[in-house]
Amino acid sequence: MLKQRLIELLTQAASEAQKLGKLPSVTLPEVSVDHPQNPEHGDYASSFPLKLARATGVNPLTIAKDVVGLIVPVPEIDRIAVAPPGFINFTLEKDWLSRQVDSILLAGDAYGSIDLGQGSGVQIEFVSVNPTGPLHVGHGRGAILGSTLANVLTAAGYGVEKEYYINDTGSQIDAFYRSLYARYQQSLGIDAEMPSDGYFGNYMIDLAKEIVAQEGDRFLVLPGPEAVTQLGRLGLDKIVTQIKSDLELLGVGFDVWFSEQSLYDNGQYQEAMSRLRQQGYLAEKEGATWFISTALGEDKDNVVVRGDGSPTYFASDIAYHYNKFLERNFDRVINIWGADHQGHISRMKAVVGALGIAPEQLQVIVSQMVTLRRGDELIRISKRSGDIITLRELVDEVGADVCRFFFLARSADSQMDFDLELAKRESQDNPVYYVQYAHARIASILRLAQERGIDYADGGVSLLATELELTLIRKMLLLPEIVEIVAHTLEPHHLSYYAQDLATVFHSFYKQCRVVSRDEALTKARLRLVAAAKLVLAKTLHLMGMTAPESM
RNA sequence: GUCCCUGUAGCUCAGAGGAUAGAGCGGCUGCCUUCUAAGCAGCGGGUCGUUGGUUCGAAUCCAACCAGGGAUGCCA
C-alpha cells in the first residue's frame, strides 16, 4: 500500500539522518501519514517533524528539510515539499497514477485486499438472539455490522470465523417452552393459561397452529413436563430455522451455529467453573454461587449459580468464553452485542482475565439502540408484548441493499431512528441508489463498447491526464486504506462514506468526460479507467454485502 | 449514586491530535439532439453542548458541569 510505503520512506530517511548526526538519536515517534484536506498540500502529508521536534528540541522545519533531503527518490512521488510549521507534503507522479488503472485491473477482485492480518485467526460472534421469537429491526443492525466486519477482516488478510451462539437453554427458553405448550393446548380448544412470564406475541399462536397442523394433538397424551420439552424443542428448531432464513434474506450467513446446551452436555461448563473455583474467584453467599469480580476491580459481584441450583446466563457465557479461548484456542474474539448488554462487558473481560487470557484478546462492539417509527408514530420494540416490526418485514419493505446501507451509514456508537415511511418515500434519493447507479452506468458504457466491438485491452492509460480522471484514480487508490481503517477500528460505517465519495467522483467524471468517442486511443484509455472504477465500486459494495447491479 | 454511548450546518450524520471543519437531505439557480437526469454544476448556511486544562497545534486527549439515551436482576 502506498501509504505504508511513504511511512517506510520517512522512517528510513529519519534514521539515516540520525546516523549522519543531523538528528539526535532519540527513539523515533510513530510516523503517520494522512491526506491533507487542502489539495495544494499534495496527496499525502506527514506532521512527523513536528512530533520529532518535541523529543529533540530541534526546529521542526529544520528536521523536515533534513529528512526530505534524505528520502530516496521513488517512481510514485513527483514532488516532496516542506511546509511551515513543519509538514512534509507528497505529491504523486501523474504517470504513476494513471498506471494504477492497469494495476487495479490486473489485481481484479483482489484489489483492495491487504495483508494486515497475515492469516491470523479471528472469531466474530454476532446476532446470537435468543431463539424465542423472530428477529426485529435492532437485531438487523448487529447482523449487518457483524457480517460486514467479517467481510472486511477477510479482505484484510484475517482468517475469519463467523458464529451464532444459540441460547437453547436457560430460564427464557423455559418460559418459551411453557408459552408454546399453553398456545398449543389453546389451539386444540383446551382452556390453558399462559404463564405470566410468557411470550405473548401473536407469532406464538401461529407457531402453535403450525405445529398442530403438522403434528396433530400427539403432545397432549404425554405427561406435562415431557410434552413441554418435546414441543418446546420442536418450536425452538422452527424459530432457529426462521432466524436463519431471515438472515439469509439480508445476506448474513454464519460458519458455526453454536449450542449453549452443548457446553453442559460436554462438561465444559463444569471445567470452566472448577477452574475459576481453583483460582478463588467463586464464592458461596446468600445461598447462591457468585463470581467475585470485585477481586478484579469490578463494582460488584455477580451470581453464576442461583439458589435453586440453575446457572445464570452469565455462567453460560463464562463457559462459552472458556470454550472460545481455551478449547478452540482463538487468539482473538470479537463479540457484537446490543446496547442492553453494555453492563456485561467489563465483567466478561474480568472473567477472561481470570481464565488467564489477556482481556485485549476479547473485543466487544456495542451497537446502540434502533428506534423504529412510521412518520410520527413510534413503534415499540418488545418481543414479550409481541408488538414488533420484524426484520423480515423491514427487508420486505425497503429491500436488503437499502437496509444494509442504512445500517452502515452511521457508526455503531450512535443511536438511530429508522423511519420506515421516510425510507420508502425517499427511496428515489436514497444514497444506496446513488452508489449503485454509478456502477450501472459504467456497466452500460462497457456494454456499448462491446456492441461496437471495441477491444480496450491494449488501451494506453498514460492518456489519462485530466484532473477529473486523476481524481477518480486517486479515489480508487483509497480502498485499501479504507479496508485497513475498518479492520483496525472495527467501524464498518467508513465503507458507506467511501462508497458515496467514489460514486460522486465517478458521476462528476461521467458528466464531463465522454468515454466512448471518436478518439479511439482516448476511448480505450477511458474504457480501462471506468472498467477499473466498476471493479472498485463492486468490491466496495460487496464488502458491504450489497449487490452491484449491471443496470437500473 | 455508579458505569457506558451521544451532543458538529435548519434536519440526519462523517470527521485515527494537524494546515481554511465536511457530506447527504431540505431551500434557491442553472444543465438532457451524444455512453442511464436514480445524474451534473453553482449559491446560502457553524460560539464543533459549556467551562477549564494538556500541547507548537484540540471537534479530536484530560477534568468538571449541562442535556438526551442506555445499563445497573438469583432476566438475557
Side-chain angles (χ1 to χ4, degrees), chain A residues 32 34 36-38 40-41 45-47 50-51 53-54 59-60 83-87 89 128-130 132 167 170-173 175 197 286-290 298-300 302-317 337-346 366-369 371 384 409-417 419 422 426-438 440-449 451-452 484-485 488-489 491 493-494 496-497 500-501 503-504 506-517 523 526-527 530 551-552:
Chain A
S32 66
D34 58 13
Q37 52 191 21
N38 186 340
E40 285 171 20
H41 296 143
S46 180
S47 58
L50 289 160
K51 285 170 183 140
R54 185 175 308 171
N59 183 315
F87 291 103
N89 296 329
S128 299
V129 176
N130 272 358
T132 54
N167 302 104
S171 61
Q172 298 218 357
I173 287 299
D197 60 346
E286 300 160 30
T289 305
W290 297 69
E298 293 293 296
D299 288 343
K300 57 189 177 58
N302 298 94
V303 170
V304 286
V305 183
R306 299 186 183 89
D308 68 1
S310 63
T312 62
Y313 101 110
F314 183 43
S316 285
D317 245 15
W337 290 343
D340 54 339
H341 283 63
Q342 164 266 122
H344 191 47
I345 297 172
S346 63
V366 170
S367 76
Q368 292 297 323
M369 269 184 40
T371 314
R384 291 291 181 93
R410 6 182 86 57
S411 84
D413 285 338
S414 69
Q415 299 173 15
M416 58 182 283
D417 250 14
D419 186 343
L422 199 72
E426 289 197 341
S427 63
Q428 292 295 302
D429 312 310
N430 199 305
V432 62
Y433 296 111
Y434 181 81
V435 175
Q436 290 181 321
Y437 186 56
R441 271 182 150 177
I442 298 172
S444 172
I445 296 171
L446 297 181
R447 275 195 299 273
L448 179 73
E451 281 165 22
R452 298 201 181 162
E484 185 189 32
I485 288 171
H488 186 253
T489 61
E491 293 173 350
H493 69 273
H494 298 293
S496 68
Y497 288 89
Q500 284 182 90
D501 281 353
T504 296
F506 169 75
H507 284 308
S508 182
F509 159 82
Y510 176 89
K511 183 69 182 177
Q512 293 171 67
C513 297
R514 175 85 197 174
V515 176
V516 180
S517 68
T523 295
R526 285 185 170 167
L527 281 170
V530 298
S551 67
M552 286 174 71

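Protein chains get the first letters and strands the later ones, always in sequence-line order, with residue 1 at the start of each. This is a predicted model, so every value here is computed, not measured.
The A:V516 side chain lies nearest to B:C35 when the options are B:C5, B:C75, B:C35. Candidate nucleotides B:G22, B:A37, B:A16 were compared by shortest atom distance to the side chain of A:R441, and B:A37 ranks first. Picking from B:G18, B:C4, B:A16 the nucleotide with the shortest atom distance to the side chain of A:H488 gives B:A16. Ranking B:A71, B:C40, B:A38 by closeness to the A:Y434 side chain, first place goes to B:C40. Of the candidates B:G73, B:U20, B:A76, B:A76 carries the atom nearest the A:R306 side chain, counting heavy atoms from C-beta on. Distance from the side chain of A:A339 is smallest to B:G70 among B:A38, B:G70, B:C75. If you check B:A19, B:C74, B:A76 against the side chain of A:Y313, the one that comes closest is B:A76. Nearest to the side chain of A:E491, among B:G18, B:G15, B:C5, sits B:G15. Relative to the side chain of A:M369, the nucleotides B:C13, B:A16, B:G70 differ in distance, and B:G70 lies closest. Comparing atom distances between the A:S508 side chain and each of B:C35, B:G69, B:C40 picks out B:C40 as nearest.
Looking at heavy atoms from C-beta onward, A:H41 lies out of side-chain contact with A:F87 at the 4.5 angstrom threshold. Side-chain atoms of A:N167 and A:Y313, non-hydrogen and from C-beta on, never get closer than 4.5 Å to each other.
Taking syn as a glycosidic angle within 90° of 0, B:C32 qualifies as syn.
Here B:G24 presents its C1' atom at 10 Å from CZ of A:R410, a figure rounded to the nearest Å. Remark: C1' of B:G73 and NE2 of A:H341 are 13 Å apart, rounded to the nearest angstrom. Put simply, CE on A:M416 is 16 Å from P on B:U6, counting in whole angstrom units. Taking atom CD of residue A:Q368 and atom C1' of nucleotide B:C4, one finds them 8 Å apart after rounding to whole Å. The CD atom of A:Q436 sits 10 Å away from the C1' atom of B:A38 (whole-angstrom rounding). Note: CG (A:D197) to C1' (B:C75) measures 10 Å, nearest angstrom. Between the CZ atom of A:R54 and the P atom of B:A58 there is a distance of 11 Å, rounded to whole Å. Rounded to whole Å, the distance from CG on A:N430 to C1' on B:U12 is 13 Å.
At a threshold of 4.0 angstrom between heavy atoms, the contacts of A:D413 are confined to the sugar-phosphate backbone, with no base atom among them. Residue-level contact check: A:Y510 touches the bases, meaning some heavy atom is under 4.0 Å from a base atom. Residue A:L448 is in sugar-phosphate contact alone, with no base atom involved, counting any heavy-atom pair closer than 4.0 Å across all strands shown. Within 4.0 Å of A:M552, counting heavy atoms only, lies at least one base atom of the nucleic acid. Backbone-only contact: A:D299 has heavy atoms under 4.0 Å from sugar-phosphate atoms and none from a base. Using a 4.0 Å heavy-atom distance criterion, A:A438 is classed as making no nucleic acid contact. Using a 4.0 Å heavy-atom criterion, one finds that A:N89 contacts the bases of the nucleic acid, with or without backbone contacts as well. Counting non-hydrogen atoms under 4.0 angstrom, A:S47 reaches a base of the nucleic acid. A:H41 comes within 4.0 angstrom of a base, heavy atoms only.
Here the separation of B:C65 from B:A21, taken at their C1' atoms, is 25 Å to the nearest Å. When the C1' atom is compared between B:G53 and B:A76, the two are found 42 Å apart, to the nearest whole Å. The gap from the P atom of B:G10 to that of B:A19 amounts to 23 Å, rounded to the nearest Å. Spacing of P atoms, B:G70 relative to B:C75, comes out at 22 Å, to the nearest Å. For B:A38 and B:C25, the P atoms lie 14 Å apart once the distance is rounded to whole Å. Nucleotides B:U20 and B:G57 place their P atoms 14 Å apart, quoted to the nearest Å. Taking atom C1' in both B:A58 and B:G15, one finds a spacing of 13 Å when rounded to whole Å. Remark: the separation of the P atoms in B:G73 and B:A64 is 24 Å, to the nearest Å.
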- request: Report the C-alpha distance between A:Y510 and A:V530 in whole Å, list the side-chain angles of each, state the deciding distance to 0.1 Å, and finish with yes or no for side chain to side chain contact (heavy atoms under 4.5 Å, CB included).
  value: CA-CA 9 Å; A:Y510 176 89; A:V530 298; over 6 Å; no
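Between A:H341 and A:W337, the ring planes lie tilted relative to each other; the angle falls in the 30° to 60° range. Between A:H344 and A:F314, the ring planes lie perpendicular to each other; the angle is over 60°, past the 30° to 60° tilted range.
No side-chain donor-acceptor contact under 3.5 Å links A:S517 to the backbone of A:T523. Using modelled atom types, no side-chain atom of A:H507 and backbone atom of A:Y437 make a donor-acceptor pair closer than 3.5 Å. Remark: side-chain polar atoms of A:T504 are paired, donor with acceptor, to backbone N or O of A:Q500 under 3.5 angstrom. A:S46 contributes a side-chain N or O that, together with a main-chain N or O of A:S32, makes up a donor-acceptor pair within less than 3.5 Å.
Shown here, B:G1 forms a base pair with B:U72; the pair counts as Watson-Crick or G-U wobble because both key distances fall under 3.5 Å. B:A14 makes up no base pair with any nucleotide shown, lacking Watson-Crick or G-U wobble contacts both under 3.5 Å. Base pairing of B:C40: its partner is B:G30, meeting the Watson-Crick or G-U wobble criterion (both donor-acceptor distances under 3.5 Å).
Remark on RNA chain B: of its neighbouring residues A:K511 and A:S551, the 5'-side contact belongs to A:S551, judged by nearest-heavy-atom nucleotide. The nearest heavy atom of RNA chain B to A:F509 and to A:P36 marks one nucleotide each, and the one closer to the 5' end goes with A:P36.
B:A14 has no base stacking with the ring of A:H494 when judged by centroids under 5.5 angstrom apart and an interplanar angle below 30°. Stacking of A:F87 onto the six-membered ring of B:A19 is present: less than 5.5 angstrom between centres, less than 30° between planes.
Judged purely by distance below 3.5 Å, without hydrogens or angles, the side chains of A:S310 and A:D308 pair a donor atom with an acceptor atom.
OP1 or OP2 of B:C35 has not a single side-chain nitrogen or oxygen of A:R452 nearer than 4.0 Å. The side chain of A:Y437 places no N or O atom within less than 4.0 Å of a non-bridging phosphate oxygen (OP1 or OP2) of B:C40. Residue A:S32 has no polar side-chain atom (N or O) positioned under 4.0 Å from OP1 or OP2 of B:A16. Here A:S346 does not reach the OP1 or OP2 of B:U72: none of its side-chain N or O atoms lies under 4.0 Å away. Look at A:Q500 and you won't find any side-chain N or O under 4.0 angstrom from OP1 or OP2 of B:G24.
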